[in-house]
Amino acid sequence: MSSQSADPGDVYVKAGTIVFGLGALATLVTFVPLFLHLTPLPTAAYWLSMLMPAGFLAALTGLFLNARAQRRRVEASGAS
């Protein structure tokens with residue numbers, strides 16, 4: 001492992017992973033009653049499923065921030 005400091009997008013990637021996981025769990029929970037022919041959950045439960053694409057977007061943003069920071073480090077080390 002390298003001893004470099006954390007990249008600026010690491011927080012976005014970690015938070016996005018957690019939010020994506022919560023959204024995936026909410027999606028599973030909302031669809032189980034439909035497959036088992038139980039009473040569907042309220043609409044608010046379906047809105048929680050929208051955490052999945054929001055988490056994906058946050059993690060993707062973090063990856064782009066990390067790539068840009070890495071490119072800047074490479075350019076700075078090559079310029080000196």
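Since the structure is predicted, the reported quantities are computational estimates derived from the model, not experimental observations.
Leu48 and Ile18 fall within a single hydrophobic cluster, where Ile, Leu, Val, Met, Phe, Trp and Tyr side chains are chained together by heavy-atom contacts under 4.5 Å. Val32 and Phe35 end up in different hydrophobic clusters when Ile, Leu, Val, Met, Phe, Trp and Tyr side chains are linked at under 4.5 Å.
Nearest heavy atoms, Gly9 versus Leu65: CA-CB, 3.9 Å. When all heavy atoms of Ser49 and Thr30 are compared, the closest pair comes out as OG-OG1, 3.6 Å. In plain terms, the two heavy atoms of Pro33 and Thr39 that are nearest each other are CB-O, 3.7 Å. Between Asn66 and Val13, the closest heavy-atom pair is ND2-CG2, 4.3 Å. The nearest pair of heavy atoms linking Ala69 to Asp7 is CB-OD1, 4.4 Å.
Other residues, nucleotides and ligands contribute over 12 non-hydrogen atoms within 6.0 Å of the OH atom of Tyr46.
Note: Phe56 and Phe20 have tilted aromatic rings, judged against thresholds of 30 and 60 degrees for the angle between ring planes.
Side-chain contact between Thr17 and Lys14: absent, with no pair of heavy atoms (C-beta onward) separated by less than 4.5 Å.
Here CG of Leu63 is found 13.0 Å from CZ of Arg68. Values are rounded to the nearest 0.5 Å.
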